[in-house]
Amino acid sequence: MVASRFKHIVWFRNDLRIYDNPALFRAAEEQEGVLAVYFICHEMLENHVTASVRIDFIRRHLLQLNNDLAELNIPLVVISTDKTKEIIPQLKKLIDKYQVEGLFLNAEYPIDEFNRDKQVADELRKQEIVVKRSHDRVIIPPGMIRNGKGEPYKVFTAFKKNWLQQARALALEPLKKPKTQPPHGATVITDAEINKQFKTLEQRDLSKLWPAGEKEAAKRLKAFIKNHIHDYDTGRDFPDLDGTSQLSPYLAIGSISPRQCIAAALHANRGELDSGNAGVTTWIGELIWRDFYQHVVVDFPDVCKYKAMQKHTEAFPWRYDKSLFNAWCDGETGIPIVDAAMLQLKDTGWMHNRLRMVVAMFLTKNLQIDWRMGERYFMTQLIDGDFAANNGGWQWSASTGTDAAPYFRIFNPVSQSQRFDADGAFIRRYLPALAKVPAKVIHSPPPTPGYSLPIVDLSLSRKETIALFGALKS
DNA sequence: TGCGTTTTTGG
DNA sequence: CAAAAACGC
Ligand SMILES: Cc1cc2nc3c(=O)[nH]c(=O)nc-3n(C[C@H](O)[C@H](O)[C@H](O)COP(=O)(O)OP(=O)(O)OC[C@H]3O[C@@H](n4cnc5c(N)ncnc54)[C@H](O)[C@@H]3O)c2cc1C
């Protein structure tokens, strides 16, 4: 039996992968023993209304991660806690038990996670423990993209210009495989023990739709680059096609890094970031949007406290009508594209980006319901739920965000449906009651058995919303 | 990655 | 008069 001593702990969170994981990579460099830990913190999961499909996705990822880490001689410890404050004593216990000297983690930006990590770091540093924080969730770390006055950008196009300039100077290469550690004597956690840490197991089995693990994520990235990225600029708008990567669950949970994504995209575009194939550059543009919203959370932490980015929009008279809201959640608005999209979300834990914009605009601009209610409901359902991207998407749709859709630029869900689901194939996928309705009228169907009439007048509510926004003084 | 309405254009 | 352009929100 080899003595169990680990020089470093890697605390895994939304970075459940071995490759291109800077915290793990750095901890492993010295090859003096690494212990991996994952906390299932029920207080945090509940406060953040984490979707049950997401929790199950975490569980399935931990099973994979455990195997992958074992090959590097890194044991994984999975600890379930009721309260966030239990994490510090739990870490201290591990530190004492294994004579640990350093804690390595990848940064998380939303305020609760940020504060938690700061408290942990402050506390451990008092005990002479080295705490090293890396940035893996973004391609360019927060704080790096600044205008001439040293301030963060509020407009995406300006952010993007600066981002591209800096990106050109970076290698954008994923890290090499982390070093294998010396053999250790600690017992390795079993699948059953990992499963046992999860209070209730998700009933729905989404393991076919969303298989867990970084191998699966890498496979999907490869397939997307091979089959779809070159037509992404045109294909991404049609919800019935597989025109997008569907990598968001993997990026959110961190079984793939954005740097691995951009490296693969560059490889398919002769290394060009913003020239060459339009599909590739458009996709890179989405990865930059992703960085932008992560940076917004760091630079404007008020967004984590239910605040609108544009202060004057706080005065908008949002409605809180329970029955209209429930109809939206349950896909019973009588607007086929909205209903089909909401059922896709419920069924699969994912929704096409075009449809996220359509349903978010419908909730905020036609039903005039507070965007925060939609934001919250999305988090309860999404397998790819990410605070920054979700808040950014909602504030964009509600016209409360920085560089949001202007308040008067309101989508008409029926015209969106006609443009992007012209033959109604996506609608029919989720609304069997409309199976026989012809394409010409399916977007706004005549009274049909088993399908309800619209719960709101699109034209009237649009006019009203524009007037209400117009009356706000900015 | 907006829509609805009005005005202009070319015949 | 239909289509395109322009305009305001
Ligand atoms: C109201 C609303 C809520 C959203 N909530 C989330 C969320 O909780 N989590 C989430 O990851 N995305 C969210 N998005 C952004 C976007 O809809 C999804 O990232 C995208 O649909 C995921 O599909 P994909 O992986 O096939 O994307 P692709 O089109 O293949 O794009 C590649 C990656 O880029 C990132 N990305 C793409 N578009 C955006 C965007 N607009 N903003 C930020 N990142 C983007 C994602 O990580 C995505 O996986 C939201 C958008 C809206 C309008």
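Sequence lines set the chain letters: A, B, ... in the order given, protein chains first and strands last, and positions in each chain run from 1. Values below: all heavy atoms of this structure, side chains included; hydrogens, waters and symmetry mates excluded.
In plain terms, the two heavy atoms of A:Leu382 and A:Arg54 that are nearest each other are O-CB, 3.9 Å.
In this structure, A:Asp15 does not pair ionically with A:Arg137, as no charged nitrogen and carboxylate oxygen lie closer than 4.0 Å.
Checking the phosphate oxygens (OP1, OP2) of B:dT5, no side-chain nitrogen or oxygen of A:Arg462 falls inside 4.0 Å. Contact check, A:Gln416 against B:dC3: a side-chain N or O comes under 4.0 Å of OP1 or OP2.
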Provide a list of protein-nucleic acid N or O atom pairs under 3.5 angstrom, restricted to nucleotides 2-5 of chain C.
none

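Ring planes of A:Tyr407 and A:Phe469: parallel class, angle under 30° (limits at 30 and 60°).
Whole-Å rounding puts the A:Asp457 CG to B:dC3 P distance at 16 Å. Straight-line distance from the CG atom of A:Asn366 to the P atom of B:dG4: 11 Å, rounded to whole Å. Between the P atom of B:dG2 and the CG atom of A:Asp237 lies a distance of 11 Å, rounded to the nearest Å. Atom pair A:Phe362:CZ and B:dC3:P shows a separation of 15 Å (rounding to whole Å applied). Put simply, CZ on A:Arg409 is 8 Å from C1' on B:dT1, counting in whole angstrom units. When rounded to the nearest whole Å, the span between CZ of A:Phe469 and P of B:dG2 equals 16 Å. A straight line from CD1 of A:Ile466 to C1' of B:dC3 spans 8 Å, rounded to a whole angstrom. Between A:Tyr407 atom OH and B:dC3 atom P there is a gap of 17 Å when expressed in whole angstrom units.
A donor atom on one side chain and an acceptor atom on the other are not found under 3.5 Å apart for A:Tyr293 and A:Asn391. With 3.5 Å as the limit, one finds no donor-acceptor pair spanning the side chains of A:Ser134 and A:Asp136.
Looking at heavy-atom distances under 4.0 Å, A:Phe420 makes contact with sugar-phosphate atoms alone, never a base. At a threshold of 4.0 angstrom between heavy atoms, the contacts of A:Arg236 include nucleobase atoms, whether or not backbone atoms are also involved.
By the 6.0 Å contact criterion, NE2 on A:His267 is open, its count of non-hydrogen atoms from other residues, nucleotides or ligands being 12 or less.
The side chain of A:Asn412 lies closest to B:dG4 when the candidates are B:dG4, C:dC9, B:dT1.
Note: A:Tyr109 and A:His135 meet the aromatic proximity criterion, with ring centroids under 6.0 Å apart.
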